[in-house]
There are 2 protein chains.
Amino acid sequence: MTLLRTSRPARADRGIPDATVARLPVYLGALAELAADGRSTCSSGELAEAAGVNPAKLRKDLSYLGSYGTRGVGYDVAVLRHHIGRELGQTQTWDVVIVGAGHLGSALSAYHGFDSRGINVAAVLDTDPARIGTDLAGVEVRPFADLEAVVEEFGIAIAVVATPGEAAQGVADALVAAGVTSILNFAPAVLQVPETVTVRKVDLSIELQVLAYHEQRRASGHEAADEEVAG
Amino acid sequence: MTLLRTSRPARADRGIPDATVARLPVYLGALAELAADGRSTCSSGELAEAAGVNPAKLRKDLSYLGSYGTRGVGYDVAVLRHHIGRELGQTQTWDVVIVGAGHLGSALSAYHGFDSRGINVAAVLDTDPARIGTDLAGVEVRPFADLEAVVEEFGIAIAVVATPGEAAQGVADALVAAGVTSILNFAPAVLQVPETVTVRKVDLSIELQVLAYHEQRRASGHEAADEEVAG
DNA sequence: TCTTGTGAACTGGTTCACAGCT
DNA sequence: AGCTGTGAACCAGTTCACAAGA
């Protein structure tokens, strides 16, 4: 036992690198496809191909979860699905609340594929009286003031912010106060939250601007200019 | 001249790191806010705060664009906006086509803040006859078969895929064939495209699964377990 | 013989800390 | 005196290449 005392870096308790965690759901999706095709086993090469990553990276990613492959053979599809799902917390269903019943909020409520991944939209909230009481994919829109009650009722830890940018910080403050500890932010705003709260941000406009940057470079012929310096 | 021949890494022609490019739009947003507040100048510290990054990172990011600050003073808000905007290709308006007029496609068409960032939704396409002809935020939904015509008509280089996962690869193939060179993919599918085409992927379900992972760890008390190994 | 699992090298990105300029 | 711009140290993540094992 004492042998390994200092040999391990700092991943003592299986803290998986962020980059790996973000890819696990992709692997899970690829495995679901393989399973649907009737495959019961697969190699790292096949799975990597289906997930669009390099095989070595895939193997390293999976190695963080444990050794669930068989050398010379590959991975058992069902076994691997089970272990990745467990690691991602899919043994339980996570009830989430969506704040903002505008176009994006509606799109999210209706998004299929949440259910199969352990995510359930438990409630949708809005401040606009015109929206309150309407039905979004089977969930009734409730007043934002119900936030605390909703969080309590469903034991909600994860919230989605789909409001205009101006409203986002106020909503985030209320979410934190209500006890939410993870926020997915679609509003074009930088949220200020305590360190104990995890925030992920998705900005549709930013994604397009990054693409515009690449187009711009392409258009001005920057691609093969690596030798310029030697001239 | 010969002095520098091999001293430079490979950024000869101002190829900005991907991570930096992804942050430039955030800086632009923060600068817009400062400008709206009547500020004409700002320090790296203030801007970094508003953008939610560390000041050294901000300065390094900006240094890739050139030296547009003044030592001892800071940055001129208007000047910096101009240069970041130019680098991101905002001197022109990018017409984009959205494929898929479902909930997400509708949300994207209606998304405000595209216009101010040089993005214009030129067309929305769908295969569903029930959707064709309907109006989405001022844009009429056209049949998917019009793709080539639309790309030609507007000179489109950037497309958004907002279809179900099963349809995504077929759509991507058609986009590439029509001459599109950048794709923003919202469909839960791994797109196979030629190397010359840039793809960015946003998967709503993945983002939530990553949050669920963090919640799961929190719940099982993994945070302060770094000493476990020494015991 | 085939494929996993993983040290080791490498690459890209972040942070530090200070020289250089105003 | 103050703030930018940037080399240098550092850290995370990726890829390589091969030993270990079915």
Side-chain angles (χ1 to χ4, degrees), chain A residues 3-4 6-12 14-24 26-27 31 34 39-77 79-80 83-84 87 210 226, chain B residues 3-4 6-12 14-24 26-27 31 34 39-77 79-80 83-84 87 210 226:
Chain A
L3 255 178
L4 290 175
T6 52
S7 69
R8 285 231 163 209
R11 181 143 295 121
R14 301 206 337 291
I16 298 177
D18 285 350
T20 295
V21 172
R23 281 187 297 266
L24 291 180
V26 180
Y27 301 156
L31 284 168
L34 286 173
R39 299 291 308 276
S40 66
T41 190
C42 70
S43 69
S44 65
E46 292 171 291
L47 189 49
E49 160 104 36
V53 304
N54 140 341
K57 190 188 322 201
L58 178 120
R59 290 201 302 276
K60 178 141 285 195
D61 282 344
L62 295 183
S63 77
Y64 292 120
L65 314 193
S67 292
Y68 299 120
T70 308
R71 293 172 195 231
V73 178
Y75 301 92
D76 182 282
V77 172
V79 168
L80 202 49
H83 286 294
I84 297 179
E87 196 68 40
V210 172
D226 262 25
Chain B
L3 256 177
L4 291 174
T6 52
S7 70
R8 283 232 164 210
R11 181 142 297 120
R14 300 207 339 290
I16 297 178
D18 285 350
T20 295
V21 172
R23 282 188 296 267
L24 291 180
V26 180
Y27 302 157
L31 285 167
L34 286 172
R39 301 290 308 276
S40 66
T41 190
C42 71
S43 70
S44 66
E46 291 171 292
L47 188 49
E49 160 103 35
V53 305
N54 139 341
K57 190 187 324 198
L58 178 121
R59 290 201 302 276
K60 178 140 284 189
D61 282 344
L62 295 183
S63 77
Y64 291 121
L65 315 191
S67 291
Y68 299 121
T70 309
R71 292 172 196 231
V73 178
Y75 301 93
D76 182 283
V77 172
V79 168
L80 201 50
H83 286 294
I84 297 179
E87 195 70 39
V210 171
D226 262 24

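Chain A is the first sequence line, chain B the second, and so forth, proteins listed ahead of strands; every chain is numbered from 1.
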Check: So Leu24(A) and Leu65(A), side chain to side chain contact (heavy atoms under 4.5 Å, CB included) or not? Walk me through it.
Finding: CA-CA 10 Å; Leu24(A) 291 180; Leu65(A) 314 193; 4.2 Å; yes
Next item on the list: Measure from CG on Leu65(A) to P on dT4(C) and round the result to the nearest Å.
Entry: 15 Å
Margin query: Nearest whole Å is fine: how far is dT6(D) P from Ile16(B) CD1?
Written below: 14 Å
Check: When the distance from CD of Glu46(B) to C1' of dT4(D) is rounded to whole Å, what number comes out?
Finding: 14 Å
Note to self: If you assign Ser67(B) and Ala19(A) each to the DNA chain D nucleotide with the nearest heavy atom, which residue ends up on the more 5' nucleotide?
What the structure shows: Ser67(B)
Check: Under the 3.5 Å rule, do the base of dT22(C) and the side chain of Arg71(B) count as making a donor-acceptor pair?
Finding: no
Item checked: Rounded interatomic separation in angstrom, taking NZ from Lys57(A) and C1' from dG13(D) -> 8 Å
Margin query: Nearest whole Å is fine: how far is dA19(C) P from Lys60(B) NZ?
Written below: 16 Å
Notebook entry, point to check: So, for Tyr27(A) and Leu47(A), which heavy atoms are closest and what is the spacing to 0.1 Å?
Noted result: O-CD1, 4.2 Å
Notebook entry, point to check: Under 4.0 Å between a side-chain N or O of Arg59(A) and OP1 or OP2 of dC16(D)?
Noted result: no
Checklist line | Cys42(A) versus Leu31(A), closest heavy-atom pair with distance | finding: SG-CD2, 4.3 Å
Next item on the list: Check whether any side-chain nitrogen or oxygen of Ser44(B) sits under 4.0 Å from OP1 or OP2 of dT4(D), and answer yes or no.
Entry: yes
Checklist line | Along DNA chain C (nearest heavy atom to each residue), the more 5'-positioned of Ser63(A) and Asn54(B) | finding: Ser63(A)
Notebook entry, point to check: With nearest nucleotides of DNA chain D determined for Asp61(A) and Asp61(B) from heavy-atom distances, which residue corresponds to the more 5′ nucleotide?
Noted result: Asp61(B)
Notebook entry, point to check: Which pair of heavy atoms, one from Ser43(B) and one from Tyr75(B), lies closest together, and at what distance?
Noted result: C-CD1, 4.4 Å
Margin query: Nearest whole Å is fine: how far is dC3(D) P from Asp76(B) CG?
Written below: 16 Å
Next item on the list: May I have the distance from Leu47(B) (atom CG) to dC3(D) (atom P), rounded to whole angstrom?
Entry: 14 Å
Item checked: For the student: nearest non-hydrogen atoms of Val77(B) and Arg39(B), plus distance -> CG2-O, 3.8 Å
Margin query: Rounded to whole Å, how long is the line connecting atom CG of Leu62(A) with atom C1' of dG5(C)?
Written below: 10 Å
Check: Counting only side-chain N and O atoms of Tyr75(B), is one of them less than 4.0 Å from OP1 or OP2 of dG5(D)?
Finding: yes
